[in-house]
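Reading through the structure tokens given below for one structure.
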Amino acid sequence: MFDSVRDDLRTTLDEIRAAGLHKPERVIGTPQSATVNVTAGGRPGEVLNFCANNYLGLADHPEVLAAAHEALDRWGYGMASVRFICGTQEVHKELEARLSAFLGQEDTILYSSCFDANGGVFETLLGAQDAVISDALNHASIIDGIRLSKARRFRYANRDMADLERQLKEAAEGGARRTLIVTDGVFSMDGHVAPLAEICDLADRHGAMVMVDDSHAVGFVGAGGRGTPELHGVMDRVDILTGTLGKALGGASGGYVAARAEIVALLRQRSRPYLFSNTLAPVIAAASLKVLDLLESADDLRVRLGENTELFRRRMTEEGFDILPGDHPIAPVMIGDASRAGRLAELLLERGVYVIGFSYPVVPEGQARIRVQLSAAHSTEDVNRAVDAFVAARAELDA
């Protein structure tokens, strides 16, 4: 039976490669950092890393590593089951309390990933008599989570408040018992920030709840790094926050839902990814507590990240590259053609800069790009080298 299936799969894979949409996975022989050792063309070499979500450079921070080593000795390697069966450790409860305080929410529940967190919210909170209204560019985990629920589904154009209000009115006219608006805090392919103040205003006007996935903001956006709700002054108006520990907050894995106490309490009883998956490893929980210590004690990493972001965006604009506007460290260099984006990424790797070309289905057809991501771990020299490499690679591509 599988022989015929194998032929079909090989044909599909050949079509992906022919269209320039193949996504190779490069092997890294070093810890995640501003520079990594990547296998390129069979030969390992050190390259500048401009494609990681390591926004604050904490993935190999010595204090975070020390906390992880200590936790491994104290708490062991893993929990070996789910929390309601085998219990939970003090370190997990401490992290949930710290995240609640940091994010200004009443309670927090940990998941093995933010994908699981988003996958566990909608089915638990919403039934067939309810409505969920989602931004058109929300993350795949939100889309998949919504599919698991029986709620009526509405979608509004990206950051379009007039369209959001139209969907709110339609949901109300359909007799929705509960309505939940859900948006990314920062849209990962564009670096654009959701207009949360306006969203909360509309939610208040129409009696809806608000949920924000702040994975690409928590830790460095806002005056205290508390994310887009802090940036927009709506920390007390967002009902549900989801996020990850796998980006700015250390870069390992794990996710959370921080929300009203009753919401978290119900998730502990009925959220399937929580009830049927192991919680994150205790070493990650302990290291995440150290990350929060670092964030709350100083803002030097956030300042450095902002400076690197401004320098890269300014220099690339001066060199004539098309970068989507904004001030987020996600800096998409728009290329258009998928094959051209992939080739440019290869030429940049040859020049010692590791970036990735993004194309359909990750982004819309015709909007291929190289998503550059700045980090506090980058030096000024690193950023300037990256821009110079872009200029040289473009010249070779156009030759």
Side-chain angles (χ1 to χ4, degrees), residues 82-84 105-185 187 194-196 198-215 229 234 237-244 255-277 361:
V82 299
R83 287 168 63 170
F84 87 93
Q105 290 288 345
E106 294 175 0
D107 201 358
T108 297
I109 178 173
L110 296 173
Y111 288 81
S112 58
S113 69
C114 189
F115 206 107
D116 276 347
N118 286 334
V121 168
F122 304 99
E123 183 183 24
T124 303
L125 297 181
L126 304 176
Q129 65 272 54
D130 301 318
V132 57
I133 307 177
S134 177
D135 189 289
L137 295 188
N138 276 342
H139 191 266
S141 59
I142 293 175
I143 296 170
D144 286 358
I146 289 172
R147 287 171 176 163
L148 294 172
S149 80
K150 294 181 172 63
R152 291 186 64 200
R153 305 165 194 173
F154 299 84
R155 188 173 71 167
Y156 65 97
N158 180 234
R159 302 180 299 150
D160 186 331
M161 295 299 95
D163 194 21
L164 172 56
E165 184 156 36
R166 283 192 289 271
Q167 307 308 318
L168 283 163
K169 290 178 179 177
E170 185 174 346
E173 290 167 358
R177 177 190 62 165
R178 301 172 186 162
T179 300
L180 176 64
I181 303 168
V182 57
T183 181
D184 283 1
F187 296 92
L196 293 188
E198 291 89 341
I199 290 173
C200 288
D201 287 344
L202 286 173
D204 290 345
R205 195 178 309 155
H206 294 274
M209 296 183 294
V210 176
M211 171 178 167
V212 179
D213 178 341
D214 224 22
S215 292
V234 295
R237 301 174 66 192
V238 173
D239 301 288
I240 304 170
L241 271 174
T242 64
T244 182
Y256 59 83
V257 177
R260 313 294 187 187
E262 294 81 3
I263 290 174
V264 172
L266 187 60
L267 292 174
R268 291 193 193 279
Q269 300 304 310
R270 292 187 176 174
S271 180
R272 292 167 67 85
Y274 178 79
L275 293 172
F276 295 98
S277 292

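Here CG of Asn138 is found 9.0 Å from CG of Asn118. Values are rounded to the nearest 0.5 Å. To the nearest 0.5 Å, atom CG of residue Leu202 and atom CD of residue Gln167 are 12.0 Å apart. Considering OG1 of Thr242 and CD1 of Ile109, their distance stands at 12.5 Å, rounded to 0.5 Å. With values rounded to the nearest 0.5 angstrom, Ser134 atom OG is found 4.0 Å from Ile146 atom CD1.
When every heavy atom of Cys200 is checked against every heavy atom of Val238, the shortest pair comes out as SG-CG2, 4.3 Å. Of all the heavy atoms in Asn158 and Ala136, the pair that sits closest is N-CB, 4.2 Å. Nearest heavy-atom pair, Tyr256 versus Ala117, reported as atom, atom and distance to 0.1 Å: O-CB, 3.8 Å. Of all non-hydrogen atoms in Leu148 and Gly119, the two that sit nearest each other are CD1-O, 3.6 Å. When every heavy atom of Pro229 is checked against every heavy atom of Asp214, the shortest pair comes out as CD-OD2, 3.3 Å.
For Ser215, the side chain to side chain donor-acceptor pair (under 3.5 Å) criterion is met by Asp213, not counting sequence neighbours. By the side-chain contact (heavy atoms from CB on, under 4.5 Å) test, Pro195 pairs with Arg159, Met161, Glu198, Ile199, sequence neighbours left out. Applying the side-chain contact (heavy atoms from CB on, under 4.5 Å) test to Asp239 and every residue at least two apart in sequence or in another chain returns Met209, Val210, Arg260. Under the rule for a salt bridge (Lys or Arg N to Asp or Glu O under 4.0 Å), the partners of Asp204 that lie at least two apart in sequence or sit in another chain are Arg237. With sequence neighbours left out, Arg83 forms a side chain to side chain donor-acceptor pair (under 3.5 Å) with Thr88, Glu96, Tyr274. Residues forming a side chain to side chain donor-acceptor pair (under 3.5 Å) with Glu165 (at least two apart in sequence, or on another chain): Arg205, His206. Contacts of Ala157 classified as side-chain contact (heavy atoms from CB on, under 4.5 Å), with partners at least two apart in sequence or in another chain: Asp160, Asp163. Thr183 pairs by the side chain to side chain donor-acceptor pair (under 3.5 Å) definition with nothing, not counting sequence neighbours. Annotation: side-chain contact (heavy atoms from CB on, under 4.5 Å) contacts of Ala208 (sequence neighbours excluded): Leu168, Thr179, Ile181, Ala203.
No side-chain heavy atom of Asp184 sits less than 4.5 Å from a side-chain heavy atom of Val212. Considering only heavy atoms from C-beta on, Val257 stays 4.5 Å or farther from Leu241 through its side chain. Thr244 has its side chain out of reach of Ser113: every pair of non-hydrogen atoms, C-beta onward, lies at least 4.5 Å apart. No side-chain heavy atom of Phe84 sits less than 4.5 Å from a side-chain heavy atom of Arg268. Between Arg166 and Tyr156 the shortest side-chain heavy-atom distance does not fall below 4.5 Å.
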For residues 124-133, run the donor-acceptor check on the side chains, cut-off 3.5 Å, and write out each pair with its distance to 0.1 Å, sequence neighbours left out.
{"unit_1": "Thr124", "atom_1": "OG1", "unit_2": "Gly120", "atom_2": "O", "d": "2.8"}
{"unit_1": "Asp130", "atom_1": "OD1", "unit_2": "Arg177", "atom_2": "NE", "d": "2.9"}
{"unit_1": "Asp130", "atom_1": "OD1", "unit_2": "Arg177", "atom_2": "NH2", "d": "3.4"}
{"unit_1": "Asp130", "atom_1": "OD1", "unit_2": "Arg178", "atom_2": "N", "d": "3.0"}
{"unit_1": "Asp130", "atom_1": "OD2", "unit_2": "Gly127", "atom_2": "N", "d": "2.7"}
{"unit_1": "Asp130", "atom_1": "OD2", "unit_2": "Arg177", "atom_2": "NH2", "d": "2.7"}

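A donor-acceptor contact under 3.5 angstrom links the side chains of Ser271 and Tyr111, judged on distance only.
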Next on the checklist: Apply side-chain contact (heavy atoms from CB on, under 4.5 Å) to residues Phe115 and His139 and explain how you reach the verdict.
Outcome noted: CA-CA 9 Å; Phe115 206 107; His139 191 266; 4.3 Å; yes
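Applying the salt bridge (Lys or Arg N to Asp or Glu O under 4.0 Å) definition to pairs two or more places apart or across chains, those involving residues 136-152 are Asp144-Arg147.
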